[in-house]
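Position 1 is the first residue of the sequence; numbering continues from there. All values below were derived from every heavy atom in this structure, side-chain atoms included, with hydrogens, water molecules and symmetry-related copies excluded.
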Amino acid sequence: RLSHIRNLVVLACSDGSLEKSEMDLIFQIGINSGLTQDELKRIIERPDSIGFHPPESYKERIEQLYDMVMVMMVNGELHKNEIALCKLTALKLGFKQTIIDKMVHDTIDLIARGIASDIALSRLMELVDN
């Protein structure tokens, strides 16, 4: 959980600024995953103090990728540095290089079209399974 929030903070900062909308979403994701306010503040103040630890299941990995795309899109802008970092993190999460571009772009499309998160996650699971 700490690692995931750290990844979201680093992603949000990769375009040169950390906007309130990004911070609010990151806090919401952190609280929903069971982190305390103190843990969240620590991650934001010192993201380098948290190591990278991918989750065990592909379902959790897909959920983390989905969260990353949500953070990229929350301010209404898709910055090339954010997209590049998202794809790099997807590789570190263990997704095959051959499907990462499609996964990221499909996730952007699903979120932009307002598809419910459970349906979007199900579609992304199908992509990974194929």
Side-chain angles (χ1 to χ4, degrees):
R1 297 175 306 165
L2 296 174
S3 176
H4 177 47
I5 299 304
R6 174 219 176 264
N7 292 339
L8 296 178
V9 170
V10 171
L11 175 70
C13 292
S14 69
D15 64 356
S17 67
L18 181 58
E19 295 183 18
K20 182 179 181 337
S21 59
E22 294 168 323
M23 185 55 57
D24 290 346
L25 180 57
I26 292 169
F27 259 79
Q28 178 185 349
I29 292 167
I31 295 296
N32 290 343
S33 68
L35 296 177
T36 66
Q37 293 280 341
D38 287 341
E39 289 171 317
L40 289 166
K41 287 177 186 174
R42 178 180 139 223
I43 296 166
I44 291 163
E45 291 170 3
R46 297 189 347 251
D48 293 339
S49 69
I50 309 295
F52 180 81
H53 303 285
E56 296 288 323
S57 76
Y58 265 111
K59 182 179 185 294
E60 289 177 277
R61 292 171 189 218
I62 289 170
E63 289 169 351
Q64 288 191 6
L65 178 68
Y66 183 87
D67 288 348
M68 292 183 75
V69 174
M70 288 285 294
V71 168
M72 285 191 324
M73 295 179 70
V74 74
N75 66 357
E77 301 173 23
L78 284 173
H79 194 275
K80 65 181 180 176
N81 289 352
E82 291 175 327
I83 294 171
L85 185 56
C86 184
K87 290 178 181 181
L88 178 63
T89 304
L91 190 61
K92 289 180 178 181
L93 285 170
F95 295 113
K96 295 177 185 171
Q97 180 72 44
T98 54
I99 66 166
I100 289 174
D101 282 345
K102 181 157 179 48
M103 284 185 72
V104 171
H105 291 291
D106 284 2
T107 305
I108 291 169
D109 180 60
L110 291 165
I111 292 170
R113 291 191 297 137
I115 303 297
S117 61
D118 57 335
I119 295 170
L121 292 168
S122 174
R123 290 184 184 172
L124 294 170
M125 266 311 254
E126 290 172 7
L127 180 63
V128 171
D129 289 340
N130 291 332

What pairs with Pro55 under side chain to side chain contact (heavy atoms under 4.5 Å, CB included), at least two apart in sequence or on another chain? Glu60, Arg61, Gln64, Leu93
My understanding is that only residues two or more places apart in sequence, or in another chain, count here; which of them pass side-chain hydrogen bond (donor to acceptor under 3.5 Å, both in side chains) with Lys80? none
For Leu121, all residues meeting side chain to side chain contact (heavy atoms under 4.5 Å, CB included), sequence neighbours excluded: Ile62, Glu63, Tyr66
Passes side-chain contact (heavy atoms from CB on, under 4.5 Å), Ile31 versus Gln37? Steps please. CA-CA 8 Å; Ile31 295 296; Gln37 293 280 341; 3.8 Å; yes
Does Ile26 reach the side chain of Ile43, with side-chain heavy atoms less than 4.5 Å apart? no
Gap between atom CG of Leu127 and atom CD1 of Ile99 - 0.5 Å precision: 5.0 Å
Considering non-hydrogen atoms only, spot the tightest contact between Leu18 and Ala12 and give its length. CD1-CB, 3.3 Å
Do the non-hydrogen side-chain atoms of Leu11 and Ser14 ever get within less than 4.5 Å of each other? yes
Nearest 0.5 Å please: distance from the CZ atom of Arg1 over to the CG atom of Leu40. 10.0 Å
With sequence neighbours excluded, tell me which residues meet side-chain hydrogen bond (donor to acceptor under 3.5 Å, both in side chains) with Glu82. none
Interatomic distance, CG@Asp67 vs CD1@Ile29, rounded to 0.5 Å, equals 4.0 Å
Pairs meeting criterion salt bridge (charged side-chain N to carboxylate O under 4.0 Å, His left out) with involvement of residues 86-95, two or more places apart: Lys87-Asp101
Pairs touching residues 3-37 that satisfy ring-ring contact (aromatic ring centres under 6.0 Å, His included), sequence neighbours left out: none
Residues that Glu39 engages under side-chain hydrogen bond (donor to acceptor under 3.5 Å, both in side chains), provided they are two or more places apart: Thr36
Quick one: list whatever passes side-chain hydrogen bond (donor to acceptor under 3.5 Å, both in side chains) with Asn7, sequence neighbours left out. none
Is the backbone N or O of Pro47 less than 3.5 Å from a side-chain atom of Arg6, with the two atoms forming a donor-acceptor pair by type? yes
Contacts of type side chain to side chain contact (heavy atoms under 4.5 Å, CB included), residue Ser122, not counting sequence neighbours: Glu126
In this structure, CG of Leu78 is separated from CD1 of Ile83 (nearest 0.5 Å) by 5.0 Å
Smallest separation among heavy atoms of Cys86 and Val69, with atom names: SG-CG2, 4.1 Å
Got a sec, which pairs hit ring-ring contact (aromatic ring centres under 6.0 Å, His included) with one end in residues 67-101, sequence neighbours left out? Tyr58-Phe95
In a table with atom names and distances, give each donor-acceptor pair under 3.5 Å that connects a side chain of residues 102-111 to protein atoms at least two apart or in another chain.
| unit_1 | atom_1 | unit_2 | atom_2 | d |
| --- | --- | --- | --- | --- |
| Lys102 | NZ | Asp106 | OD1 | 3.4 |
| Lys102 | NZ | Asp106 | OD2 | 3.0 |
| Thr107 | OG1 | Met103 | O | 2.6 |
| Asp109 | OD2 | Arg113 | NE | 3.0 |
| Asp109 | OD2 | Arg113 | NH2 | 3.4 |

Any chance you could measure Ile115, atom CD1, to Arg123, atom CZ, to the nearest 0.5 Å? 5.0 Å
Pairs in or reaching into residues 17-30: which pass salt bridge (charged side-chain N to carboxylate O under 4.0 Å, His left out), with residues at least two apart or in two chains? Lys20-Asp24
Here the gap from Leu25 atom CG to Met73 atom CE, rounded to the nearest 0.5 Å, amounts to 11.5 Å
